[in-house]
Number of protein chains: 2
Amino acid sequence: MGCWTMEKQVHGKKEAIIGAALKLFTERGFYGTSTAQISREAGVATGTLFNYFSTKEDLINDLYYEVKGNLSQSLREGLGDESSFQAKIKRMWSNLIDWGVSNPQEFLFTEHFCSSPYISKLTRDEVLKEYTFFRDVVREGMEEGQMKEFPQDLIMSILFDSGKTVVRLILNSPGTQDKEQLIENSFQLIWGGLAKE
Amino acid sequence: MGCWTMEKQVHGKKEAIIGAALKLFTERGFYGTSTAQISREAGVATGTLFNYFSTKEDLINDLYYEVKGNLSQSLREGLGDESSFQAKIKRMWSNLIDWGVSNPQEFLFTEHFCSSPYISKLTRDEVLKEYTFFRDVVREGMEEGQMKEFPQDLIMSILFDSGKTVVRLILNSPGTQDKEQLIENSFQLIWGGLAKE
DNA sequence: GGAACAAATGACTGATTAGTCAATCATGGG
DNA sequence: CCCATGATTGACTAATCAGTCATTTGTTCC
């Protein structure tokens, strides 16, 4: 009984609903997924969904906030251990790709919904605050003169988007590729264009 | 009268419907846009839409085919004039970015719908055939030993996706940026990582 | 056992959906 | 002038939607 209560705390209805929404939104889109489908997938009644989220939009905003938070956390993993600028960038590079490959559903969700009109500007701004550390690392490298002189926005966008490109490659490949080798190759490619000398 | 007839041929109902669908799909998504809204935006009756497209999915497949065809055409522009491998790649690079910046609606459509479940595998395969020239150019460069030895898929994906990154940067910037300079910078960045030596 | 409270339920509603089709319209030939 | 043909129309339908709420179920105290 106590065991059941704990189980419920770990895999509660709210988490089940968020998980079902994540799966169905990525598979069928926001408007393409009905709240009834989400409830069914989560194994709860339709009314239960609206006990936890007052509207369907609330649900996707919560989901967005949670997924982006996870990504932000993963990106920072082990970042403090690295001293050189290149090592920091490479660590974030690997972290991004590892996260995407280990969490394909979350990755595809960010791909499809980051620039979607369903997510409120408020939530978006809230999430952006979590990523200032990335901007800081890049600015640090620029000030130290570690990179050729490109606009900061260009550097950040290329770094992030190229990482996502590699995740997509791995997810779409039939698994025959050597993941570590691809991460190494792709980092060399981008770093080679970025680094001074 | 004859004039009217010609006008109708140039801006016929079908084109109006496709244009309206392009606008609304990018703004509100596939399921988020009703056929009634598309008809209203196109200035036709709801029934007229179904004279030209038997289902809503037919409409988005047609749209996808048309937009991707335009992009493919634009990518090839002036490609025959270039002799060196670097010049060919740079030409396609500029072509991609120019196309995206001049056709933001079409660009955003490809961003949101290229990997969406609404578009049939048949249409997708049909479109892929239009892009073999890109694969051929890259393979040629690889065989000539113009690039460091990376997997072909990685090279192609990075080239294409980084181009899209630059388009996004330009579209999101408040217009203050120097477009030509950004194209030059970004090409240097990618080419610098790609080229041998 | 049972009172008190919260969590969960699912039948229900008014609004909206993709798609239909009988009626209307415009055009061009005889 | 009128009829034939094909394009266009919009009221209509069955299905589905997000969200509600009166009721039932589960838990915790005494």
Side-chain angles (χ1 to χ4, degrees), chain A residues 1-25 27-64 113 116-120 123, chain B residues 1-25 27-64 113 116-120 123:
Chain A
M1 303 301 149
C3 179
W4 267 106
T5 330
M6 282 196 57
E7 192 93 69
K8 275 204 163 187
Q9 280 170 359
V10 176
H11 296 295
K13 309 259 178 191
K14 188 172 181 179
E15 285 73 21
I17 293 167
I18 288 209
L22 174 62
K23 182 185 172 197
L24 295 173
F25 283 160
E27 277 175 14
R28 322 165 46 86
F30 179 64
Y31 285 114
T33 304
S34 70
T35 53
Q37 286 173 313
I38 298 171
S39 304
R40 203 179 311 129
E41 177 79 28
V44 302
T46 64
T48 307
L49 190 152
F50 291 97
N51 290 342
Y52 292 102
F53 309 95
S54 57
T55 66
K56 197 183 172 186
E57 285 211 357
D58 259 38
L59 172 55
I60 202 174
N61 275 284
D62 255 49
L63 188 48
Y64 177 77
F113 291 93
S116 85
Y118 324 129
I119 286 144
S120 77
T123 306
Chain B
M1 304 296 153
C3 179
W4 266 106
T5 331
M6 280 197 60
E7 191 93 68
K8 275 203 160 186
Q9 280 168 1
V10 176
H11 296 295
K13 310 260 177 190
K14 188 172 180 179
E15 285 73 19
I17 292 167
I18 287 211
L22 174 62
K23 182 185 172 198
L24 294 174
F25 282 160
E27 277 175 14
R28 321 163 48 87
F30 179 64
Y31 285 114
T33 304
S34 69
T35 53
Q37 286 174 313
I38 297 170
S39 304
R40 202 179 311 128
E41 176 80 26
V44 302
T46 63
T48 307
L49 190 152
F50 291 97
N51 290 342
Y52 291 104
F53 310 95
S54 58
T55 67
K56 198 183 173 188
E57 286 211 354
D58 259 36
L59 172 54
I60 202 175
N61 276 284
D62 254 48
L63 188 47
Y64 178 77
F113 291 94
S116 84
Y118 322 130
I119 286 144
S120 77
T123 306

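Only heavy atoms go into these numbers, but all of them, side chains included; no hydrogens, no water, no symmetry mates.
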Notebook entry, point to check: Which salt bridge (charged side-chain N to carboxylate O under 4.0 Å, His left out) pairs, counting each pair once, include a residue from residues 36-52 of chain A, with sequence neighbours left out?
Noted result: A:Lys23-A:Glu41
Margin query: What verdict does the side-chain contact (heavy atoms from CB on, under 4.5 Å) test give for B:Ile17 and B:Ile38, after you've listed the backbone C-alpha separation in whole Å, the side-chain angles of each residue and the deciding distance to 0.1 Å?
Written below: CA-CA 7 Å; B:Ile17 292 167; B:Ile38 297 170; 4.1 Å; yes
Check: Roughly how bent is the helix from C:dG1-D:dC30 to C:dG30-D:dC1 end to end, in steps of 10 degrees, with each end axis from five pairs?
Finding: 10°
Check: Which pairs with one or both residues in residues 34-64 of chain A pass ring-ring contact (aromatic ring centres under 6.0 Å, His included), sequence neighbours excluded?
Finding: none
Next item on the list: Could you tell me which residues satisfy side-chain hydrogen bond (donor to acceptor under 3.5 Å, both in side chains) with A:Thr123, sequence neighbours excluded, listed by chain and number?
Entry: A:Asn61, A:Ser120
Next item on the list: Check salt bridge (charged side-chain N to carboxylate O under 4.0 Å, His left out) between A:Lys14 and all other residues, then give those that pass, not counting sequence neighbours.
Entry: none
Checklist line | Non-hydrogen atoms of A:Ala16 and A:Ala42 that approach each other most closely | finding: O-CB, 3.5 Å
Item checked: Rounded distance (Å) that lies between atom P of D:dA7 and atom NZ of B:Lys14 -> 12 Å
Check: Hey, what do you get for OG1 (B:Thr55) to CG (B:Leu49), rounding to the nearest 0.5 Å?
Finding: 9.5 Å
Notebook entry, point to check: A:Ile60 CD1 to D:dG19 C1': how many Å, rounded?
Noted result: 17 Å
Note to self: Output the rounded distance in Å from CG (A:Leu49) to P (C:dG10).
What the structure shows: 14 Å
Margin query: Looking at D:dT16, I'd like to know if its phosphate oxygens (OP1 or OP2) sit under 4.0 Å from a side-chain N or O belonging to A:Ser34.
Written below: no
Next item on the list: For B:Arg40 and D:dT9, give me the distance from atom CZ to atom P, rounded to whole Å.
Entry: 14 Å
Margin query: Can you classify the ring geometry of B:Phe113 versus B:Phe25 as parallel (below 30°), tilted (30 to 60°) or perpendicular (above 60°)?
Written below: tilted
Next item on the list: Please state how far atom NZ in A:Lys13 lies from atom P in C:dG10, giving the value in whole angstrom units.
Entry: 10 Å
Check: Rounded to whole angstrom units, what separation is found between the CD atom of A:Gln37 and the C1' atom of D:dG19?
Finding: 16 Å
Check: Counting only non-hydrogen atoms, which of residues 50-59 of chain B are less than 4.0 Å from DNA chain D?
Finding: B:Asn51, B:Tyr52
Note to self: Over all strands shown, is A:Thr33 touching base, sugar-phosphate only, or nothing at heavy-atom distances under 4.0 angstrom?
What the structure shows: sugar-phosphate
Just the table, please: protein N/O against nucleotides 10-12 of chain D N/O, every pair under 3.5 Å.
residue: D:dG10; atom: N7; partner: B:Thr46; partner atom: OG1; Å: 3.4
residue: D:dG10; atom: N7; partner: B:Gly47; partner atom: N; Å: 3.4
residue: D:dA11; atom: N6; partner: B:Thr46; partner atom: OG1; Å: 3.1

Notebook entry, point to check: Minimum heavy-atom separation for A:Ala21 to A:Leu59, with atom names?
Noted result: CB-CD2, 3.9 Å
Next item on the list: Mind checking side-chain hydrogen bond (donor to acceptor under 3.5 Å, both in side chains) for B:Asn51 and listing every partner two or more places apart, or none if nothing turns up?
Entry: none
Margin query: By the salt bridge (charged side-chain N to carboxylate O under 4.0 Å, His left out) test, which pairs, at least two apart or in different chains, include something from residues 53-63 of chain A?
Written below: none
Next item on the list: For A:Arg28 and D:dT16, give me the distance from atom CZ to atom C1', rounded to whole Å.
Entry: 12 Å
